[in-house]
Amino acid sequence: MKEIKFEHVKKSYGDTEVVKDLNFTIKEGERLILLGPSGCGKSTILRMIAGLEDITAGNLFMNGQKVNDIPSGKRNVSMVFQNYALYPHMTVKQNIIYGLKVKKVDKEEIEKRLEFVLEMLQLKGYEDRLPKQLSGGQRQRVALARATVKRSDFFLLDEPLSNLDAQLRVSARKELKKIHEMLGQTIVYVTHDQIEAMTFADRIVLMYNGELQMIDTPENVYHRPANVFTAKFIGSPPTNILEMELGDGSVKIGKQSFLLNDLWKQQISQIGAEELLFGIRPEHTELSAIPLPNGLRGQVKYVENQGDNYGVYLDVDGQELIAMSENGNWHDGQDAYVRPFMEKFHFFFKNTEKNIGYPQQMKVVEELHYLEEGKVTV
Amino acid sequence: MRISRHAETIWHFIFMVTVLVMVFPIIYAFGMSFKPLEDAYNNVLNILPINASLENYRTLFASLPVLKITMNTFVVASVATVFKLVTSFLAAYAFVYFKFKGKEVIYFLLIGTIFIPFTVTMIPNYLIISEIGMLDSVWGVILPQLADAVGIFLIHQAMKNIPGSLIEVARLDNMGHGRIMKDIVLPLVRPAVTSVGIWFFIGTWNEFVWPVLVLKTTENYTLPLALQMFISSEGGTNFTVAMAVSVITMIIPLILYLSFQKYIIGTFTSSGIK
């Protein structure tokens, strides 16, 4: 079982707790992404798996075996570092096969594996170059090649693409997926880039301040955020979180309100909470210059060009709300009307910032094309 | 940086004068070693000899076992250098890559020894060497010089520049410290080790005070001691023969410098490992 299990794992440096009580399992053959802002503890988790950091408390299991005290070299992991960590005095070939030589792998086998990775990662013809004679993308591929030839059960990647430009990242992600499909290792991948996480992960672990915020599929992390932090961290521009009051079957924001459908009314009444926050993603709104039924009115504060569309920042009774618009013909101070799509609402408890949950009938994966399908409940 | 033509000329002039000032005594000594003694005392500053002869070298070889003395100097300098390098490298490695209690304090104390003047340790060292019966032996000269805090400090600095991830990759490959040292760390700090080695070698090669305390018989002398035989109250002042000793003293370090020039210059110009 190539799985990794965290059992109440903690990590502190002196009095500073950088990872707090971690409990989850990384499944065999899974691509798990550790996502979060800088300093959230994600790299520390990866380094604990690698055995490069000690565990302060709790237990870590790999392949069903407790590994707290097992040194790095015996954990059957390979790792790609953010700075690639290629030996500057060794050629590409030497860099790739050095680990195998240390392991005393048979010469023929080394050659075979070398051929395979050189071919797969398009490094043929570069075998005798030194790392300093390679471009960033090539160095990154050498680092990948070196980790791949080991054929370890666990493949750890610490922000492996962050030094590459946008185009190279896309192709490197493809290569990584290809490697994974061929070799089927358990991959743990650290990044702060949500697009990387969304496109590559089977599951995402979202970390903040050393605490696990959510662990789920990319779809759920996006559509069913467990808390306010998750909602705001995933997506750009971030999810709007607005202070609200519950009216009689309606949501009151500032002096305005809109009605809830029966599903939401039922959901909220089941919870019985009074103090809630309202969340809606900018892309899940309709923006118009003329009044919309069941919408909110705001004034345009700022327009951000995002290429294919525009982020329009509105002031809605003193709170900021961002909506997306296909046209950029908005000017500051102009009145604009926003209607949030009801199927895409999120509600959070105000005190804990946790999600209150969703009506059962609202499925995550099937994209509800709100306006086309005429499911509007006004 | 752009330098104007005018400034460039001035800088070149300054460099030329500096080089001349530094090289002049060497050329002077070289020339003098081929002059008869009476020429050395006349007032004409002829750098190169007019009546060149090998007379001074003949006198020198006749009065002293020059080969033996050169050999002694070489043994002292190379054994001390090798030991200092090995101990410095190992200690630096431990300070950089091992975690142990009191590491900072020990390192601080060790580096502090750099500031203890030689004259403070000279007498205790002398007494110890005499106690263990190593007086008048090159090994007595070598023994207190087997380790050096300056070497630890300089190699430690070079090792700290190696990105930690390189060592971590090695650890993930289940490499032991011996292998990490040999295959990863040593090749990366080689320029520093080489120049520290040259520094140690030259220092020991030129050493005078400590050998003069330990060595008694001419047979066991090192070259600087041979030199003082011709320019001191006991040996008289035979400058031209003394210059012949100087030339011999210079040769080996010069060969060494020329062969390792690449590393030495590399150490001063490199800005760490990228």
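In what follows, every heavy atom counts, from backbone to side chain, and hydrogens, waters and symmetry copies are set aside. Chain letters run A, B, ... following the sequence lines, proteins first, then strands; residues in each count from 1.
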Is the [atom1] atom of [X] crowded by more than 12 outside heavy atoms at less than 6.0 Å?
X: A:Lys124; atom1: NZ; answer: yes
X: B:Phe30; atom1: CZ; answer: no
X: B:Lys68; atom1: NZ; answer: yes
X: B:Phe108; atom1: CZ; answer: no
X: A:Lys20; atom1: NZ; answer: yes
X: A:Phe61; atom1: CZ; answer: yes
X: B:Phe100; atom1: CZ; answer: yes
X: B:Lys103; atom1: NZ; answer: yes

#### Entry: CZ-NZ distance between B:Arg179 and A:Lys101, expressed to the nearest 0.5 angstrom
8.5 Å
### Query
If you look at every heavy atom in B:Arg171 and A:Gly51, which pair is closest and at what distance?
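Smallest heavy-atom distance, with atoms named: NH2-O, 3.6 Å.
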### Heavy-atom pair of closest approach, residues B:Asp173 and A:Gly99
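Scanning both residues completely, I find the closest heavy atoms to be OD2-CA, 3.4 Å.
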So do the side chains of [X] and [Y] get within less than 4.5 Å of each other, counting heavy atoms only?
X: A:Phe81; Y: B:Leu166; result: no
X: A:Met90; Y: B:Ile184; result: yes
X: A:Val102; Y: B:Asn174; result: no
X: A:Ser78; Y: B:Leu172; result: no
X: A:Met79; Y: B:Glu168; result: no

### Task
For the residue pair A:Tyr98 and B:Asp183, confirm or rule out a side-chain donor-acceptor distance under 3.5 Å.
yes
### Message
For a side chain to side chain contact (heavy atoms under 4.5 Å, CB included) check, start with the C-alpha distance between B:Val169 and A:Tyr87, then their side-chain angles and the critical distance, and finish with the verdict.
### Response
CA-CA 9 Å; B:Val169 169; A:Tyr87 302 124; 3.4 Å; yes
Select one option (side chain, backbone, both, neither) describing which atoms of [X] are under 4.5 Å from chain B's heavy atoms.
X: A:Leu100; result: neither
X: A:Lys150; result: side chain
X: A:Arg146; result: side chain

